[in-house]
Amino acid sequence: MSEVDSPSNFIQNKIDEDLKSEKVAVHTRFPPEPNGHLHIGHAKSICLNFGLAVKYSGTCNLRFDDTNPSKEETKYVKAIQEDVKWLGFDWGDNMFFASDYFDQLFEFAVQLIQKGKAYVDDLSPEQIREYRGTLSEPGKDSPCRNRTVEENLKLFQKMKAGEFAEGEKVLRAKIDMGSGNLNMRDPILYRILKATHHRVGDKWCVYPMYDFTHGQSDSIEKVTHSLCTLEFEDHRPLYQWFLDELEIYHPQQIEFARLNLNYTILSKRKLLQLVEEGHVDDWDDPRMPTLSGMRRRGYPPEAIRDFCERIGISKSNSVVDFALLEHCVREDLNRTATRVMAVLRPLKVVLVNYPENQVEEMDAVNNPEDPDAGTRKMPFSRVVYIEQDDFMEDPPKKFFRLGPGREVRLKHAYVIKCEEVVKNEAGEVVELRCTYDPNTRSGSTQDGRKIKGTLHWVSADHAYKAEVRLYDHLFTHENPADEKVCPDLKSSLNPDSLEIIKEALLEPYLKNAKGRFQFLRLGYFCVDTTISTNPIFNRVVTLRDTWAKIVKK
RNA sequence: UGGGGCGUCGUCAAGCGGUUAAGACACAGGUUUUUGAUGCCUGCAUUCGGAGGUUCGAAUCCUCCCGCCCCAGCCA
């Protein structure tokens with residue numbers, strides 16, 4: 001599989017080069033903030049970081065970047081762990097929290113003050129913004145910039161002791177207010193936040209900013225390659241500045257492009273909006289691009305890993321075709337899913353020459369791709385249901401399913417012929433009266449006549465009724481994430497992203513079933529018991545459908 | 001001349017001075033098939049954003065130009 005021979009990318013090339021000069025084990029980290037659920041974009045990062053550790057026999061830490069207590073919650077920590085595990089990765093003993101380093105980080109800040117490289121600023125948030133300047137104009141120094149070391153030390157301790165209100169003071173690095181890089185214009189190191197932290201409670205009322213936390217955390221953990229997304233490129237000089245000034249171990253930050261997928265959005269903020277406005281049930285709605293949503297939908301973790309492998313790693317902003325993800329899912333499921341029969345929109349078929357009350361047990365192959373999967377029995381009787389789409393009263397040329405006077409094969413059973421079409425008062429076809437050919441048991445003709453069409457079916461008396469849910473893209477717009485071409489998110493929502501079929505007819509084998517199946521000729525489905533005790537079958541993905549393409553033309 | 005990035009097939013993406021410019025998805029044909037599925041076969045960039053230059057030789061090096069993305073949270 002493609003998981004074995006992963007394609008080359010610039011990060012691997014870099015690591016290969018690094019390994020030539022210094023023989024240290026590769027050490028990466030996946031650093032989510034526990035303020036929401038993981039999505040397929042995070043999967044790219046997880047697969048990259050953990051994948052590199054596996055490939056180079058190194059280590060990958062799971063580290064929670066929990067420096068903003070007002071947004072973070074323990075429930076997210078748990079959900080993230082679950083998602084990473086489900087994806088198939090193991091951090092072993094290497095789970096850390098930035099909050100583990102709060103004492104150390106505070107000491108680092110004190111060191112900078114002592115070196116004259118940090119100062120306490122009294123400016124208000126608004127003033128700080130003004131003093132920062134703009135993209136094209138330099139900023140100007142704060143009046144507090146030249147406080148003495150002693151004064152700064154005293155003030156910083158008072159900040160820590162809770163003697164000031166939120167927003168009253170901050171600790172800033174003393175770098176360069178004229179820098180073209182805004183991140184270097186005396187960035188804030190610590191702010192006052194009188195919030196309870198999900199792990200360390202009320203121990204602190206000053207919290208370090210991301211920039212003052214991330215690099216040092218990487219350094220403490222002896223991370224060799226700190227991989228992050230492109231928007232942090234501008235932060236790299238600052239990342240290095242802290243490590244230099246503190247004179248501690250230097251990991252290297254390398255940036256890559258985040259994942260974009262068409263027909264969906266991958267921004268936490270917008271995903272949250274979908275949940276809060278009720279456009280989806282929750283974060284794990286099977287239409288969501290979250291890992292929990294995909295898990296419920298039935299996407300195998302192997303398929304997601306394969307997908308992440310195939311999309312590659314580069315620095316160019318790109319939008320990956322959702323069809324590639326679906327391809328990976330189909331490829332995995334084709335190999336592994338048991339084939340069963342289910343009729344979603346039933347049409348009654350009575351076999352007029354089949355004995356009343358007779359039931360035959362037909363042998364059905366479980367998976368033609370896997371000889372070891374064996375066979376099972378399927379009951380067959382006088383009344384069966386077929387799919388409404390599989391009958392046309394006035395079929396076009398290339399249609400080779402059932403029609404008046406036509407013959408078709410019921411998979412694993414018999415060849416039948418449509419003798420009579422029964423309609424209701426409205427003129428709708430409600431029943432087909434057919435004859436079966438007793439000489440075609442299991443589906444093969446003895447006189448050598450070719451039967452082009454093969455239909456799935458279910459015996460009326462033995463059918464098991466269950467709810468089936470069909471999903472489609474959440475958005476009709478190909479690129480809902482791009483606000484330039486799609487300014488209104490809501491108007492591009494796909495009104496048909498969910499179709500519920502209350503009573504689909506399934507073969508009895510599916511009673512008490514768990515896991516994923518291929519409903520023959522329809523698609524792959526996965527049992528979901530999240531929202532009801534009765535199993536619901538979620539459609540993972542359809543089968544490729546070239547007939548539908550022909551019809552479209 | 002604010003700073004930092006990116007431009008190779010419809011979409012991803014290899015390529016790192018000498019290749020017929022990988023591969024995958026998508027698409028289009030054909031074939032096998034008791035799933036219009038799967039499988040198999042074939043086709044799909046004389047050209048690498050553009051223009052110059054260096055070189056025996058350039059997608060790869062240099063120059064200029066063009067286009068796109070990110071940055072002005074006490075978010076990460």
Side-chain angles (χ1 to χ4, degrees), chain A residues 2 5 7-10 13 31-33 35 65-68 70-72 121 123-125 128-130 132-139 166-172 178-185 188-193 207 209-211 213-214 228-237 255 257 262 268 309-328 330-331 334-335 339 341 365 368-369 398-401 409-413 415 440 442-445 451-456 518-523 542-551:
Chain A
S2 50
D5 46 289
S8 86
N9 63 60
F10 76 99
N13 296 345
E33 181 187 16
N35 69 343
D65 251 342
D66 55 348
T67 57
N68 185 352
S70 58
K71 289 189 173 176
E72 296 148 4
D121 199 347
L123 256 28
S124 70
I128 287 183
R129 197 187 322 122
E130 285 166 27
R132 184 151 38 223
T134 67
L135 293 180
S136 51
E137 301 156 33
E166 282 188 18
E168 204 177 327
K169 287 192 169 27
V170 288
L171 182 73
R172 302 178 71 175
S179 171
N181 182 346
L182 290 276
N183 295 112
M184 301 301 272
R185 319 242 263 228
I188 291 169
L189 272 30
Y190 267 88
R191 77 292 211 185
I192 297 169
L193 245 30
Y207 290 92
M209 297 287 288
Y210 163 84
D211 283 313
T213 306
H214 204 88
C228 62
T229 45
L230 254 24
E231 65 270 27
F232 291 103
E233 277 179 322
D234 289 344
H235 295 241
R236 192 181 344 122
E255 310 85 8
N262 57 13
K268 262 186 199 173
E309 198 76 55
R310 288 181 190 231
I311 56 177
I313 300 291
S314 78
K315 296 192 70 148
S316 52
N317 286 309
S318 55
V319 182
V320 175
D321 195 342
F322 203 92
L324 178 61
L325 213 208
E326 295 190 322
H327 169 82
C328 295
R330 288 192 187 105
E331 191 176 75
N334 176 52
R335 229 177 20 243
R339 271 63 167 172
M341 291 201 233
V365 173
E369 305 290 322
K398 288 181 177 170
F399 187 85
F400 49 76
R401 275 115 93 147
R409 172 170 36 238
L410 296 180
K411 176 106 178 165
H412 301 315
V415 171
T440 57
S442 84
S444 49
T445 57
I451 304 294
K452 195 87 199 290
T454 301
L455 310 186
H456 60 277
Q518 184 192 104
F519 287 7
L520 229 61
R521 306 208 301 137
L522 296 174
T542 60
L543 257 27
R544 282 186 69 228
D545 189 352
T546 48
W547 170 241
K549 280 182 193 168
I550 293 168
V551 172

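We name chains A, B, ... by the order of the sequence lines, and we start the count at 1 in each one.
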Sugar-phosphate means primed atoms, P, OP1 and OP2; the rest is base. With that split, encode nucleotides 36-43 of chain B 5' to 3' as B, S or - using protein heavy atoms under 4.0 Å.
BSS-----
Residue pair A/Arg409 / A/Thr454, side-chain donor-acceptor N/O under 3.5 Å
yes
Protein heavy-atom contacts under 4.0 Å, written 5' to 3' over nucleotides 7-14 of chain B as B (base), S (sugar-phosphate only) or - (none), form the string ----SSSS
When both hydrogen-bonding distances must be under 3.5 Å and the geometry is Watson-Crick or G-U wobble, what is B/rA59 paired with, if anything?
none
Paired with B/rU54 by Watson-Crick or G-U wobble geometry, both distances under 3.5 Å: which nucleotide is it?
none
Syn or anti for B/rG17? Use the chi torsion, O4'-C1'-N9-C4 for purines and O4'-C1'-N1-C2 for pyrimidines, with syn inside 90° of 0.
anti
If we take the P atom in both B/rG18 and B/rG10, what is their distance in whole Å?
26 Å
Determine which nucleotide pairs with B/rG43, using a 3.5 Å limit on both distances of a Watson-Crick or G-U wobble pair.
B/rC27
Classify the side-chain pair A/Ser70/A/Asn68 by whether it contains a donor and acceptor separated by less than 3.5 Å.
yes
For B/rU46 versus B/rU54, give the span between their C1' atoms, rounded off to a whole number of Å.
23 Å
Partner lookup for B/rG2, please. Criteria are Watson-Crick or G-U wobble with both distances under 3.5 angstrom; report none if nothing qualifies.
B/rC71
At under 4.0 Å between heavy atoms, which parts of nucleotides 71-76 of chain B does protein reach? Answer with one letter per nucleotide, 5' to 3': B base, S sugar-phosphate only, - none.
BBSBSB
Heavy atoms only: give me the nearest A/Tyr210-A/Thr67 pair and the separation to one decimal.
N-OG1, 4.3 Å
Rounded distance (Å) that lies between atom P of B/rA26 and atom CG of A/Asn262:
12 Å
Can you name the nearest heavy-atom pair linking A/Val415 to A/Gly443, along with the distance?
CG2-O, 4.3 Å
A/Glu33: what forms a side-chain hydrogen bond (donor to acceptor under 3.5 Å, both in side chains) with it, not counting sequence neighbours?
A/Asn35
Going through the distances and angles, do A/Glu166 and A/Arg191 end up as a salt bridge (charged side-chain N to carboxylate O under 4.0 Å, His left out)?
CA-CA 8 Å; A/Glu166 282 188 18; A/Arg191 77 292 211 185; over 6 Å; no
If we take the P atom in both B/rA26 and B/rA72, what is their distance in whole Å?
39 Å
For A/Lys71, all residues meeting side-chain hydrogen bond (donor to acceptor under 3.5 Å, both in side chains), sequence neighbours excluded:
none
Just how far, in rounded Å, is P of B/rU33 from NE2 of A/His412?
17 Å
Which residues share a salt bridge (charged side-chain N to carboxylate O under 4.0 Å, His left out) with A/Asp121, sequence neighbours left out:
A/Arg172
Criterion side-chain hydrogen bond (donor to acceptor under 3.5 Å, both in side chains) on A/Ser314 and A/Ser316, from CA distance to verdict
CA-CA 6 Å; A/Ser314 78; A/Ser316 52; 3.3 Å; yes
Give me the atom names and distance for the closest heavy-atom approach of A/Leu455 to A/Arg401.
CD2-CG, 3.6 Å
Salt-bridged, A/Arg544 to A/Glu326, with N to O below 4.0 Å?
no
Same-atom distance (C1') from B/rA45 to B/rA37, integer angstrom
32 Å
